[in-house]
Amino acid sequence: MRVQSIKKYKTPNYPDKKMIMKSPMLLRSMPERWKGNRYASAALSTLIVFTITACGRGEQEYITPIEKPTAVAPIFEHGDGRGSFGCMSVAPPSFLSEEEAFQVISEEAVKMEIAFEKESKELSKVKIPETKFYLKGEAQGYKQDGGKIDSTKTGNLKLDGYDASKKVGFEFISKEDYEAWSVDQGVRSSVDDFDFFTTAKVLKEGLEGKTADSTIGVFYNAMVMPSREEINKIMNNGNWEEAEEKVKNIAKDELRNQVRDFLEWLKAQGVI
Amino acid sequence: MHYTLHLTNTCNMACKYCYVERKNTSVMDFDTAKKAVDMAALTTKESVGIVFFGGEPLLHKQLIYDVVEYCKWKEKNSSTFFHYKVTTNGLLIDEAFMDFSSANNLFVALSHDGIREAHDKNRVDLHAFGTFDRLSEKIQLLLTRRPYAPVLMTVNPDTVGHYAESVEYLYEQGFRYIICSINYAGKWNESGMKALKREYHKLSSFYMEKTLKEEKFYLSPFEVKISSHINKETYCTERCELGNKQISVAPDGGLFPCVQFVGDEQYCIGNVDEGIDEKKRRTIFETNENEKESCSSCAIRKRCNHYCGCLNKQATGSIEKVSPVLCRHERILLPIADRLAENLYKKRNALFIQKHYNDMFPIISLIEDKTHGRE
């Protein structure tokens, strides 16, 4: 017998406490044995109110009023979601189109009996991120003093997919979205930067409280970068299409993982 | 913070898996115990646990009575509040002791391995006779007076086939807090591990059945593993921290970071006269906190017991070396516990939800018990 590491362990399909605190309605489930005991049932009601209203400041971010459960899923991180593309790029782009993403997301969702329809739901007064093509950070090996994706503008958002019977929808941050939401920085490099991950995070926050009674997932373009060896191979054999296909498949896998986590989360929340 | 007073290393039993060194007989004197209590009061401002441990602590009941009396006097003269617990093999439990336990809120934990075939295999007296029969009436006395008394069960390779049956037996006897420990230092092999897996599956069914019937109980292997997912970060911070949350006091007044280390001078972190050697305590704590190389890439490391230096020491002789038996045990138990919790959650079982997600569950449960029949 020896000590043996487990490489992968599936996230269990029951929520952790943070998730429950986001939707504390569940805590109102009362065991039958308490229903017949007015002391216990009164204690449960009182203590739940106490728990919800009297938590420390550090816990506030996980708590929302009982009647308004948070309905935007966390961003499930699979794929960096950041990168640059332009004259100096040697890697094929891994951008998934809206259509390709819809295909991947629908394939996974249907396994859980969720059938998404395209653009059938519009949310109003959403805080939509203002994206930028010239970002602060390190790109192409040198530091650049660009902007950050930290501002929003209010507008309507037509969800990329929505299942009216399940009241579940999604928005995929595509290259098209990134372009449509961009702001003029007064400067543009010959290399375009993309930060789909931060854009997704900002949109998630912008959707809070705007989802009516729906539950929304935000996915992002994984922006997969091939390994150095793969780049060398591409450079050597020049088979651009094959390389592009390969990178795109990796990006699809990353997106699939985001969707799977979202579906697990929906299960844990009791939405499906 | 707990201070565990090892009142003696002697025992009226000779359990085959016992790790206590008994070459030289030693008994704690009242003066040493008082110094330990003083130290506890000095280092802990609010509530501090005093645990009476052995050997068999009930061999020295009078010392327990005297220490509790001293703690009560101490409470009047300091801001510290004491609570008490004793871990016993049960043979010396009697009416007078239970009177004292009730009057002073002394929590009594009984060591018992379940059905006769399991219990008498290892838990024998000094003449090698099993103690199962002698404990029957003691159990009834204990549970009549202290219905929340926990039972501590050890699973050995030669008793693993009785694991589930033994838990069910203890449950039928009336225990509702069942703490199970695997003897990681035992001679486990493949067939033993397979048996362990079978038994956990049986126990999972037992847990499911009782929970669906809304029966309240605590069965440690499942509760701990389920909690490790539900409470994530807090689970990590609440786990055992060598020498930080618990100090073991040897009969001669030596201080050790946990019960398994008592008597091993290498791990001595001070004594009741001179206090705790902070540098040494810190070194042991930090050595234990370092992620073990063998586990650094493991996907379940945050939910695993491999950080328990005490268990590692017992099984491998080193706090830094993880027991392969422990590793295998965790890999067997975790998925079974997770499937169990998933099934109960899927059913939206109210008792499961309250027990695991509502921090106030113990209080409400107590209110229910105390008001039962008043409706």
Hey, what do you get for [atom1] ([X]) to [atom2] ([Y]), rounding to the nearest 0.5 Å?
| X | Y | atom1 | atom2 | answer |
| --- | --- | --- | --- | --- |
| B:Glu342 | A:Lys267 | CD | NZ | 7.5 Å |
| A:Tyr9 | B:Arg331 | OH | CZ | 12.5 Å |
| A:Ile6 | B:Ile300 | CD1 | CD1 | 3.5 Å |

Just wondering, more than 12 heavy atoms not from [X] lying within 6.0 Å of its [atom1]?
| X | atom1 | answer |
| --- | --- | --- |
| B:Lys355 | NZ | yes |
| B:Lys346 | NZ | no |
| B:Lys121 | NZ | no |
| A:Lys167 | NZ | no |
| B:Glu286 | CD | yes |
| A:Lys252 | NZ | yes |
| A:Lys166 | NZ | yes |
| A:Glu107 | CD | yes |

Heavy-atom distance under 4.5 Å to chain A: side chain of [X], backbone, both or neither?
| X | value |
| --- | --- |
| B:Leu366 | neither |
| B:Cys298 | both |
| B:Ile226 | both |
| B:Asn349 | neither |
| B:Lys292 | neither |

### Query
Would you call A:Lys10-B:Asp338 a salt bridge at under 4.0 Å N-O?
no
### Listed partners of A:Lys7 passing salt bridge (Lys or Arg N to Asp or Glu O under 4.0 Å), at least two apart
none
### Message
Filter on ring pair (Phe, Tyr, Trp, His ring centres under 6.0 Å), then keep only pairs touching residues 317-349 of chain B, sequence neighbours left out; what's left?
### Response
B:Tyr184-B:His329, B:Tyr200-B:His329
Between [X] (side chain only) and [Y] (backbone N and O only), is there a donor and an acceptor less than 3.5 Å apart?
| X | Y | value |
| --- | --- | --- |
| B:Arg328 | A:Met1 | no |
| B:Glu368 | A:Trp34 | no |
| B:Ser297 | A:Ser5 | no |
| A:Tyr14 | B:Asn343 | no |

Highest number of heavy-atom pairs under 4.5 Å with chain A: which of [options]?
| options | result |
| --- | --- |
| B:Ser323, B:Ser365, B:Pro335 | B:Pro335 |
| B:Ile353, B:Val325, B:Asp369, B:Leu344 | B:Ile353 |
| B:Met193, B:Lys321, B:Lys216, B:Arg339 | B:Lys216 |
| B:Ser294, B:Ser296, B:Pro324, B:Cys295 | B:Pro324 |

### Task
Kindly indicate whether the side chain of A:Pro12, heavy atoms from C-beta on, has any atom under 4.5 Å from the side chain of B:Arg303.
yes
### Query
Between A:Lys17 and B:Lys232, is any pair of side-chain heavy atoms under 4.5 Å apart?
no
### Task
Would you mind telling me which of A:Gln4, A:Lys8, A:Met30 has the largest number of heavy-atom pairs within less than 4.5 Å of chain B?
A:Gln4
#### Entry: Atom group of A:Arg2 that falls short of 4.5 Å from chain B, counting heavy atoms
backbone
